[in-house]
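The basis for the numbers below is simple: all heavy atoms, side chains too, and nothing from hydrogens, waters or symmetry mates.
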Amino acid sequence: MSAQIIEGKKISDLIREEIKRDAEALKEKGVVPGLAVVLVGEDPASKVYVGSKEKACQQLGFYSEVHRLAEDTSESDLLALIDKLNNQASINGILVQLPLPKHINEKAVIDAIDVNKDVDGFHPESVGNLVIGDDSLLPCTPAGVIELIKRSSGDISGKHAVVIGRSNIVGKPVAMLLLRENATVTICHSRTANMEEIAKQADILVVAIGKAKAIGRKFVKPGAVVIDVGINRLPDGKLAGDVDYEDCLETAGFITPVPGGVGPMTITMLMSNTITAAKRANKIEE
Ligand code: GUN
């Protein structure tokens, strides 16, 4: 038997339809969700991501501002812009595209964003709220992973979820979200002994390590849900995930492709966070 493919693009398009309807309903109440994206410098991948975010805003009828700043912008000028956006009523969400140039302290910049506008979910207070289980804006890629699991294989409660990778932007928050969904969660990382043995116990296996095709079928329990967060450029120019997709196809029950799995969900969840922030700012029921 072959795994069911989790079609991230299709699921993402469905959610965007829901967001669009939500945005139209908000407009009738006089509220237009607003997102500000800040890009410093000329990183080619960042430029593409920022362009996609701007396009998503246009498609969904959001107000959008993109601030493209020069590579040599000072930290204090960037902090001044964030302060302005924090106080601007038409802006509900602020995203500073990472990485920032080396002379800027990333942490100082993230800390400066108003937590109510932290649509990336990277502010320490948002992270703390996520751990405690209080309301906060959820980091986009981890939230997208949860949506993909819920909308494909279904219930997470009681399942054994194994997360491979412990980064602040994916591994740790995804583990916390799975715990919140009542999974039993194990986190594996580069120092884990017996990783294969542990991964093989997983009903849900989430992989985010940044190493092309590192996880093959010997890590996968037959029928498991396999979510691949990796996106790696191969020497031949093609993209590959952290999971060896072809190798796992017969063993997994559900699997995300790369590209077209988790990737399309990230910007969609950013848009969803912006709607949530707009509702909270205007005291509209979610
Ligand atoms: N750079 C790559 N991914 C992300 C992301 O999710 N948010 C931000 N702010 N920068 C990124």
Are the side chains of [Y] and [X] in contact, using a 4.5 Å heavy-atom criterion?
X: V38; Y: V109; result: no
X: M265; Y: I11; result: yes
X: L138; Y: L130; result: yes
X: V206; Y: L178; result: yes
X: V32; Y: K27; result: yes
X: L85; Y: H67; result: yes
X: I156; Y: K150; result: yes
X: L81; Y: L69; result: yes

inquiry  = Please determine whether side chain to side chain contact (heavy atoms under 4.5 Å, CB included) holds for the pair D135 and R280, giving the CA-CA distance in whole Å, both sets of side-chain angles, and the decisive distance to 0.1 Å.
reply    = CA-CA 11 Å; D135 273 347; R280 289 181 187 170; 4.0 Å; yes
Decide whether [X] and [Y] are clustered together by the hydrophobic rule: side chain heavy atoms of Ile, Leu, Val, Met, Phe, Trp, Tyr closer than 4.5 Å, transitively.
X: L98; Y: L39; value: yes
X: V258; Y: F219; value: no
X: I110; Y: I91; value: yes
X: I146; Y: I164; value: no
X: L14; Y: I6; value: no

Quick check: closest heavy atoms across [X] and [Y], and the distance to 0.1 Å?
X: I227; Y: V145; result: CG2-CG1, 3.8 Å
X: T256; Y: G261; result: CB-CA, 4.1 Å
X: A112; Y: I82; result: O-CG2, 3.7 Å
X: N168; Y: K172; result: OD1-NZ, 2.9 Å
X: L79; Y: A108; result: CD2-O, 3.9 Å
X: K221; Y: A202; result: CB-O, 3.7 Å

Report task. Evaluate the side chain to side chain contact (heavy atoms under 4.5 Å, CB included) criterion for residues I255 and D228: first the C-alpha distance (whole Å), next the side-chain angles of each, then the deciding distance (0.1 Å), finally the verdict. Result -> CA-CA 8 Å; I255 190 166; D228 187 356; over 6 Å; no
Under 3.5 Å, is there a donor-acceptor pair between the side chain of [X] and the main chain of [Y]?
X: D244; Y: G216; answer: no
X: N273; Y: L137; answer: no
X: D43; Y: S46; answer: yes
X: D13; Y: E17; answer: no
X: H123; Y: D111; answer: yes
X: N232; Y: G241; answer: yes
X: E71; Y: P101; answer: no
X: N92; Y: T274; answer: no
X: S12; Y: P264; answer: yes
X: K117; Y: N86; answer: yes

Flag if over 12 foreign heavy atoms under 6.0 Å of [atom1], [X]:
X: Y49; atom1: OH; value: no
X: K213; atom1: NZ; value: no
X: R217; atom1: CZ; value: no

**Report entry** Ion pair R151/E18, N-O distance below 4.0 Å
**Finding:**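 Looking at E18 together with R151, the answer is yes, because their closest N to O distance falls below 4.0 Å.
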| Mind checking what makes side-chain contact (heavy atoms from CB on, under 4.5 Å) contact with P259, not counting sequence neighbours? |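 Residues passing side-chain contact (heavy atoms from CB on, under 4.5 Å) with P259: L239.
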Sequence neighbours excluded, which residues qualify as side-chain contact (heavy atoms from CB on, under 4.5 Å) partners of K159?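 D203, I204.
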Apply side chain to side chain contact (heavy atoms under 4.5 Å, CB included) to the pair I169 and T141, showing each step before the final yes or no. CA-CA 8 Å; I169 58 170; T141 302; over 6 Å; no
Would you check, one step at a time, whether the test side chain to side chain contact (heavy atoms under 4.5 Å, CB included) holds for V162 with K200? CA-CA 9 Å; V162 173; K200 249 204 141 114; over 6 Å; no
